[in-house]
Protein chains: 2
Amino acid sequence: MTSAPYASRERSTKERILGAAEALFATHGFAGASLRQVTAAARVNLAAVNYHFGSKDKLIEEVFRRRLDELNSRRLAALGKVAGLDETRLEDVLDAYIRPALDLSRTDGGGAAFVRVLARAYAEHNETLRRFLSDNYGHVLRQFATEFARQLPGLAKEDIYWRLDIVTGALTYAMADFGIIQRKHEVAERDHREVAAEHLIRFAAAGLRAPSVSNSPATR
Amino acid sequence: MTSAPYASRERSTKERILGAAEALFATHGFAGASLRQVTAAARVNLAAVNYHFGSKDKLIEEVFRRRLDELNSRRLAALGKVAGLDETRLEDVLDAYIRPALDLSRTDGGGAAFVRVLARAYAEHNETLRRFLSDNYGHVLRQFATEFARQLPGLAKEDIYWRLDIVTGALTYAMADFGIIQRKHEVAERDHREVAAEHLIRFAAAGLRAPSVSNSPATR
DNA sequence: GTTTCAATCAAACGATTGTTTGAGAGTACG
DNA sequence: CGTACTCTCAAACAATCGTTTGATTGAAAC
């Protein structure tokens with residue numbers, strides 16, 4: 001029923017499709033990667049996508065759900081270990097937010113590609129996709145916002161959300177490695193992301209601790 | 001020769017195509033927006049794109065060049081007014097970097113759409129496009145890096161580039177309005193971006209002033 | 001008036017798109 | 001055995017893609 005019909009030779013057809021789709025969506029975009037490219041890379045018949053997922057759009061959704069469920073629970077688990085504690089520093093909360101994304105990008109199963117897919121999702125600005133992400137991410141972001149608010153009593157709730165958005169943008173951009181400045185080639189990919197996470201946490205912690213904008217409106 | 005054949009009724013065919021392409025690329029992506037959609041929106045014959053630009057790829061390049069040339073020179077002009085001066089604060093340099101992007105997104109001619117196109121370009125991760133941006137943006141970024149280094153003598157050159165990348169990522173995503181948290185509908189678009197710029201500058205200034213990562217490697 | 005040339009137009013080009021079809025293979029259950 | 005069911009496959013579907021063609025327009029040059 002739920003298991004494969006006969007002992008699968010390596011990975012199931014569905015998983016092979018998801019993996020190939022993830023990689024191709026990352027490099028060519030959702031519209032740019034065709035189902036023929038995907039099925040060829042997965043060494044699967046063209047009709048398999050519509051048979052297993054129903055349509056290309058459903059396949060895209062499934063690519064997200066597979067990783068986001070994991071990323072969601074990991075972030076919440078990490079947050080649960082530090083939330084509400086007296087000795088918790090701001091950096092610990094940031095680490096709970098950033099580190100799971102970093103770990104995801106280092107999984108052997110192609111999670112690195114998904115980080116780029118996620119960055120594309122933000123760029124898509126598609127209302128359907130946005131609602132999908134909001135439904136799956138909204139409550140996680142709210143929990144983090146609560147803990148950030150506890151760490152930063154001087155900030156208004158609105159400021160918190162603004163800065164979390166900024167952190168998310170910077171995180172997405174950095175994890176997807178969109179830098180204009182070329183990296184040295186001798187630096188390995190995973191070392192690169194590790195360094196990126198350090199810089200991000202350091203930068204974001206200082207940015208979050210900045211004086212409130214709302215309390216001092218005379219900025220310009 | 002360079003002028004229109006007869007007094008143009010409103011805007012030239014090339015300009016109408018560029019405007020329509022910019023808007024459609026922003027919402028549907030480069031692969032997602034077809035030339036038939038573009039030419040229909042511009043009220044222009046389908047063949048006009050290939051006649052005036054040669055191909056779809058060349059059209060994409062031209063969409064970038066039109067705005068980037070302006071953004072480039074505005075940023076350098078703003079930087080020139082504050083660079084090297086004793087009374088210049090870090091926030092002034094950041095303002096020179098961020099404000100022109102904000103102004104661009106408020107132009108009536110659809111510059112707001114271009115900001116989203118720019119965000120897409122980063123997500124594209126296309127090597128050709130990356131080189132194009134690096135050629136047009138590289139020297140600007142280097143000049144800003146020099147001034148930032150002057151303002152932040154405690155930071156290593158590598159730290160400067162890392163943090164400039166972070167600022168660029170946060171700027172790109174904030175300006176393109178990719179926030180997961182829904183905004184209040186009563187807030188107008190241009191007010192929204194104005195507030196975004198204030199938050200960004202405040203956040204980025206504090207982040208840039210954070211202690212160097214390189215000088216204290218014991219982060220985790 | 002005639003030539004010249006840039007610009008626009010409808011129509012078609014072959015290639016590729018997502019999706020559907022119907023036959024066939026292979027396992028499980030009775 | 002036969003029936004049932006899941007999955008795979010080659011082939012075709014209509015639609016849409018970027019691009020090209022050849023005719024036609026209209027103003028400028030001579």
Side-chain angles (χ1 to χ4, degrees), chain A residues 1-64 117 120 124 126 128-129, chain B residues 1-64 117 120 124 126 128-129:
Chain A
M1 296 298 223
T2 51
S3 65
Y6 44 88
S8 57
R9 42 193 174 283
E10 33 179 336
R11 285 153 64 219
S12 73
T13 300
K14 285 184 78 167
E15 281 173 353
R16 294 226 301 281
I17 293 176
L18 283 172
E22 189 173 67
L24 285 165
F25 287 156
T27 48
H28 299 113
F30 303 114
S34 71
L35 291 187
R36 280 169 178 81
Q37 287 179 279
V38 170
T39 52
R43 288 177 294 110
V44 154
N45 188 272
L46 170 62
V49 169
N50 282 275
Y51 176 79
H52 286 286
F53 299 97
S55 69
K56 185 180 183 179
D57 283 337
K58 293 281 183 61
L59 169 63
I60 294 175
E61 267 198 19
E62 205 52 39
V63 167
F64 279 99
V117 173
R120 279 197 182 267
E124 284 297 323
N126 178 304
T128 309
L129 210 56
Chain B
M1 296 297 225
T2 53
S3 66
Y6 44 90
S8 57
R9 40 194 176 284
E10 30 180 337
R11 285 153 63 220
S12 73
T13 299
K14 286 184 77 166
E15 281 172 354
R16 293 225 302 281
I17 292 177
L18 284 172
E22 189 173 66
L24 285 166
F25 287 157
T27 48
H28 299 112
F30 303 113
S34 71
L35 291 186
R36 281 169 177 81
Q37 287 178 280
V38 170
T39 52
R43 288 177 294 110
V44 155
N45 188 272
L46 170 62
V49 169
N50 282 277
Y51 176 80
H52 286 286
F53 299 96
S55 69
K56 186 180 183 180
D57 283 336
K58 292 283 183 62
L59 169 62
I60 294 174
E61 267 197 21
E62 205 52 38
V63 167
F64 278 99
V117 174
R120 279 201 182 264
E124 285 296 325
N126 179 304
T128 310
L129 211 55

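Quick note on labels: first sequence line is chain A, next is B, and so on, each numbered from 1. The structure presented is a predicted model; accordingly, all values stated were derived computationally and were not measured.
Between A:Asn45 and the phosphate of D:dA10, there is a side-chain N or O to OP1/OP2 separation shorter than 4.0 Å. Note on A:Thr13: every side-chain N or O is 4.0 Å or more away from OP1 and OP2 of D:dC7.
Taking atom CG of B:Leu46 as the reference point, atom C1' of C:dA11 lies 10 Å away to the nearest angstrom. Straight-line distance from the CG atom of A:Leu24 to the P atom of C:dT17: 12 Å, rounded to whole Å.
Under the side chain to side chain contact (heavy atoms under 4.5 Å, CB included) criterion, A:Ala20 pairs with A:Val38, A:Ala41, A:Ala42, sequence neighbours left out. Take A:Asp57 and apply the side chain to side chain contact (heavy atoms under 4.5 Å, CB included) test, not counting sequence neighbours, and it matches A:Ser55, A:Ile60. Qualifying side chain to side chain contact (heavy atoms under 4.5 Å, CB included) partners for A:Leu46, counting only residues two or more places apart in sequence or in other chains: A:Leu35, A:Arg36, A:Thr39.
DNA chain C is contacted by A:Ala47, A:Asn50, A:Ser55, A:Lys56 of residues 47-63 of chain A, taking any non-hydrogen atom closer than 4.0 Å. Across residues 29-39 of chain B, B:Ala33, B:Ser34, B:Leu35, B:Arg36 each have a non-hydrogen atom less than 4.0 Å from an atom of DNA chain D (numbered order).
B:Arg43 approaches B:Arg16 most closely through the heavy-atom pair O-NH2, 3.1 Å. Across A:Val117 and A:Glu22, no two heavy atoms sit closer than the pair CG2-O, 3.3 Å. B:Glu62 approaches B:Phe53 most closely through the heavy-atom pair CG-CE2, 3.8 Å. When every heavy atom of A:Lys56 is checked against every heavy atom of A:Phe30, the shortest pair comes out as NZ-O, 2.9 Å.
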Could you walk me through whether B:Gln37 and B:His28 pass the side-chain contact (heavy atoms from CB on, under 4.5 Å) test, one step at a time? CA-CA 10 Å; B:Gln37 287 178 280; B:His28 299 112; 4.1 Å; yes
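Pairs of Watson-Crick or G-U wobble type, with distances under 3.5 Å, assemble into runs of 3 or more in DNA chain D at these ranges: C:1-23 with D:8-30, C:25-27 with D:4-6.
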